[in-house]
Number of protein chains: 2
Amino acid sequence: MKTQAIGELSRKTGVHIETIRYYEREGILPTPMRSAAGRRIYSDKDVRRLNFIHKCRGLGFSLKEINSLLSLVDSGEFTCKEVHELTIHHAGQITEKIFNLKKMEGVLQEMAAQCNQGNVPKCPIIDSLFDA
Amino acid sequence: MKTQAIGELSRKTGVHIETIRYYEREGILPTPMRSAAGRRIYSDKDVRRLNFIHKCRGLGFSLKEINSLLSLVDSGEFTCKEVHELTIHHAGQITEKIFNLKKMEGVLQEMAAQCNQGNVPKCPIIDSLFDA
DNA sequence: CTTGCTTCTGTAGTAACTACAGGATACATA
DNA sequence: TATGTATCCTGTAGTTACTACAGAAGCAAG
């Protein structure tokens, strides 16, 4: 399938139609081609871009940060130094997020294991996690 | 230090004073003790809880989801089965987040490495990442 | 006792959606 | 070809999760 309407883009990505139009207004998605009757037409490139945006949002990045990540992709007007700095900055953020999620994952799995043995666990999340 | 005012809690956690009061209104933080003059007094338990909430927000969890995570900690009114189900659900979410972040991390590190060699990288994020 | 900092309540503004309303368009089928 | 239903359009208003003030009161040091 080559092109698609907004509804199919929404179905493929799990992003609401209204949100897609909102992203367009905000300049995060490019203004798409229109059909003769004025309907938005999207390509598979848009599907990939929107998937990327959607997952980033779910990972706690702001639209501003996502724009900055996407700028790495969109443009050749960046110097290598700028790309490098942005990349390192984002990579640092990401490493920290992974670290925190792994901590949570470990605690939750431990709790689930305790439950399997029939004990209501004395939940250790707050006491063992995120003290600073 | 045993107890503290809202300003110190804010400094320790990096959460704005207004946001702390907002969390109290929304029932995510318990209503704290008050001084004779009516000022909020917090304990180190509150520091830990707020740190947890703050990090969760940064990882893309909604306040509703955080409440559900905290319910694992707060209450003895849950059956083992309920705790287990909630735990498994959240652990699944977390594993997926880690998976996506690791993908991003890999791509960004590759880009940074290319930059180090003096090439502006033909950024592969969208093409290699998040196709579904 | 005054000067400066912190806290209080309350309201209003912002970011990122989300949910209609009211109307046009597309498309399958009788 | 008529018609019903699904999809799309623009525009506006509501929601979530903050964020920023205004104006008053408390507290701590000199």
Side-chain angles (χ1 to χ4, degrees), chain A residues 1-43 46-47 49-71 93 97, chain B residues 1-43 46-47 49-71 93 97:
Chain A
M1 187 157 287
K2 204 92 194 138
T3 64
Q4 59 221 282
I6 198 167
E8 194 173 343
L9 178 62
S10 171
R11 245 168 282 124
K12 280 183 181 171
T13 57
V15 177
H16 291 157
I17 287 174
E18 288 93 341
T19 307
I20 295 172
R21 290 195 284 245
Y22 169 74
Y23 285 163
E24 182 184 332
R25 280 200 301 285
E26 296 297 308
I28 288 126
L29 282 177
T31 59
M33 296 292 103
R34 297 283 185 137
S35 73
R39 299 190 168 195
R40 291 171 179 82
I41 298 169
Y42 295 99
S43 71
D46 296 309
V47 177
R49 190 181 184 91
L50 189 50
N51 266 323
F52 178 79
I53 294 165
H54 188 47
K55 298 235 167 111
C56 283
R57 287 293 297 133
L59 295 167
F61 292 96
S62 69
L63 291 185
K64 213 172 160 188
E65 287 169 325
I66 293 167
N67 248 337
S68 147
L69 271 162
L70 286 172
S71 71
Q93 274 189 310
K97 282 175 193 281
Chain B
M1 186 156 289
K2 204 93 193 136
T3 63
Q4 58 220 281
I6 197 166
E8 196 174 342
L9 178 61
S10 171
R11 245 169 281 124
K12 280 183 181 171
T13 58
V15 177
H16 290 157
I17 288 174
E18 288 93 341
T19 307
I20 295 171
R21 289 194 285 246
Y22 170 74
Y23 286 163
E24 183 185 332
R25 279 199 303 284
E26 297 296 309
I28 289 125
L29 282 178
T31 59
M33 297 291 103
R34 297 283 184 137
S35 73
R39 301 192 166 194
R40 292 171 179 80
I41 298 169
Y42 295 99
S43 72
D46 296 310
V47 177
R49 190 180 183 92
L50 190 49
N51 266 323
F52 178 79
I53 294 164
H54 188 47
K55 298 236 167 108
C56 282
R57 288 292 298 133
L59 294 167
F61 292 96
S62 68
L63 291 185
K64 212 173 160 187
E65 287 170 327
I66 293 167
N67 248 337
S68 148
L69 272 161
L70 285 172
S71 71
Q93 275 190 311
K97 282 175 193 283

Separation of B:R39 atom CZ from D:dA25 atom P, in whole Å?
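So the two atoms are 13 Å apart, to the nearest Å.
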Please report the distance, rounded to the nearest Å, between CG in A:L63 and P in C:dA16.
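To the nearest whole Å, that distance equals 4 Å.
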Any [X] side-chain N or O less than 4.0 Å from OP1/OP2 of [N]:
| X | N | result |
| --- | --- | --- |
| A:Y22 | C:dA15 | no |
| A:T19 | C:dT18 | yes |
| A:R21 | D:dC9 | yes |
| A:R34 | C:dT25 | no |

With a 4.5 Å cut-off on side-chain heavy atoms, are [Y] and [X] touching?
| X | Y | result |
| --- | --- | --- |
| A:E18 | A:Y23 | no |
| B:R49 | B:L70 | yes |
| A:I41 | A:Q4 | no |
| A:V47 | A:E8 | no |

Residues from residues 25-33 of chain A lying under 4.0 Å of DNA chain C - heavy atoms:
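DNA chain C contact set from residues 25-33 of chain A: none.
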Heavy atoms under 4.0 Å, any strand shown: does A:S62 hit a base, just sugar-phosphate, or nothing?
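It contacts sugar-phosphate atoms only.
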Does B:A37 or B:K64 map to a spot on DNA chain D nearer the 5' end, using the closest nucleotide for each?
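Closer to the 5' end of DNA chain D: B:K64.
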Once hydrogens and angles are ignored, does a donor-acceptor distance under 3.5 Å link the base of C:dT7 to the side chain of B:R40?
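Checked by distance alone, the answer is no.
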